[in-house]
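Accompanying notes for the structure given below.
The analysis underlying the following values was restricted to heavy atoms, covering all of them including side chains, and did not include hydrogens, waters or symmetry mates. Here is how names work: the chains are called A, B, and so on, in the same order as the sequence lines, proteins then strands, and each is numbered from 1. What you are looking at is a predicted structure, and each value in this text was computed from that prediction instead of being measured.
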2 protein chains.
Amino acid sequence: MIAHWYGQRSMVDDTDVSQALEQLRRTGGRVTQQRRLVLQALVDAQPHPSAEDVAERVAAVAPDVHMSTVYRTLNTLTELGVISHVHIDHGPSLYHFADDVRPHLVCRQCGRVDHVDAETFEAVRATIESASGFRLDRGHFAWSANCPACRDDLD
Amino acid sequence: MIAHWYGQRSMVDDTDVSQALEQLRRTGGRVTQQRRLVLQALVDAQPHPSAEDVAERVAAVAPDVHMSTVYRTLNTLTELGVISHVHIDHGPSLYHFADDVRPHLVCRQCGRVDHVDAETFEAVRATIESASGFRLDRGHFAWSANCPACRDDLD
DNA sequence: CGCTTGTTACGAGTCGCTCGCAACAGCGGG
DNA sequence: CCCGCTGTTGCGAGCGACTCGTAACAAGCG
């Protein structure tokens, strides 16, 4: 479904891993091999792996790591605010580091994904906020749209 | 989770049902009692019932109508363009008549939902379109946000 | 090196649908 | 008004994406 990604690449790297582990330790959590592997997989599988993608990468290195551990780790890291996920069309949640949260646009026809730049997003946010009082999240849900190539198809 | 709805009510009524059945017949489909009941439930359960809500209402009148029939009918009507659904936070799809498609704002804290008025939406759409070429859908995905009451909590 | 307490593997369970199949029922033709 | 063609339905199994209870396990502080 998702045929193509473009736009700038994320700038996630190993420092994200150590910062996440740091955060984990600081809040009384433990730094386990499994968690290290999940975080590394998250870095390697940029830009937007699903829990399955992460599990697959982890399994390549440590086949005994259970799926539920991957899910639990992903949830723990989400609660810590280290990572976040986005829902794109139907299908599983896609994960990314929290410092890489940007609003997504997804084409409903071809699945192509783009990001909204910060300036445009802030403009939209201000418009919505003054009209309704609601302050838009940057991430979490992708904005459903039609990309230029598919735009002729419908309103 | 969803504590409160506000904003103008939809204007869905019985004419939507007959128009939908009409459309169904025109495209070679059959007007069955089950479909009538699903459509009626959709009208009665405004503004945004889940498939379960619809099935429950149908079951109150005709207990033998199977869940899968409800899902199939909702899918058929979606393909016909008569109805549509929106994803609000995690949880099931919420259905509504297609003529009632409006962009939704959902508060991530309290679940309160609001609509974006047409004028504001068009302004946002124009902004996004000129920045990225993507043309926003009116419906399908809710925009995740914080409502005025919960706004202090996070960025 | 223990001990405490957070983590993990495993497997069963849940939620929200989806599908194959045989029985059934609209509805256009005769 | 009945026939029969073909779209629909009921039923139950299946599935994708998680979630949870439990007992074994292992960080990391003392």
Applying salt bridge (Lys or Arg N to Asp or Glu O under 4.0 Å) to B:E52 and not counting sequence neighbours gives none
What residues 21-34 of chain B contributes to the DNA chain C interface at heavy-atom separation below 4.0 Å is B:R25, B:R30, B:V31
Under a 4.0 Å heavy-atom cutoff, the residues of residues 67-74 of chain A touching DNA chain D are A:S68, A:Y71, A:R72
Residues passing the side chain to side chain donor-acceptor pair (under 3.5 Å) test with B:R57, sequence neighbours excluded, are none
side-chain contact (heavy atoms from CB on, under 4.5 Å) filter on A:R30, not counting sequence neighbours, yields A:T32
For A:E122, the salt bridge (Lys or Arg N to Asp or Glu O under 4.0 Å) test, sequence neighbours excluded, returns A:R125, A:R138
The first and last nucleotides of DNA chain D lying within contact of chain A, meaning any atom under 4.0 Å from one of its heavy atoms, run from D:dA17 to D:dG28
Across all chains, not counting sequence neighbours, the ring pair (Phe, Tyr, Trp, His ring centres under 6.0 Å) partners of A:H87 are A:H85, A:H140, A:F141, B:H90
Rounded to whole Å, NE2 of B:H66 lies from C1' of C:dG16 at a distance of 14 Å
Item checked: Heavy-atom neighbours of B:Q33 CD exceed 12 at 6.0 Å -> yes
Sorted by number, residues from residues 55-64 of chain B placing a heavy atom under 4.0 Å from DNA chain C are none
Problem - Side-chain heavy-atom pair A:F97, A:V43 within 4.5 angstrom cut-off - result: yes
- Query: Under 3.5 Å, is there a donor-acceptor pair between the side chain of B:T27 and the main chain of B:L24?
  - Reply: yes
Taken in chain and number order and not counting sequence neighbours, the residues that satisfy side chain to side chain donor-acceptor pair (under 3.5 Å) with B:T69 are none
Distance col, row A:S93:OG vs A:N75:CG, nearest 0.5 angstrom, shows 9.0 Å
Rounded to whole Å, the CD1-P distance (B:I88 to C:dG16) equals 14 Å
*Does a side-chain heavy-atom distance below 4.5 Å link B:D114 with A:F134?*
yes
Sorted by chain and number, sequence neighbours left out, side chain to side chain donor-acceptor pair (under 3.5 Å) with B:S144 holds for A:D137
B:E79 meets the side chain to side chain donor-acceptor pair (under 3.5 Å) criterion, sequence neighbours left out, with none
Rounded to whole Å, CG of A:N75 lies from P of C:dT7 at a distance of 13 Å
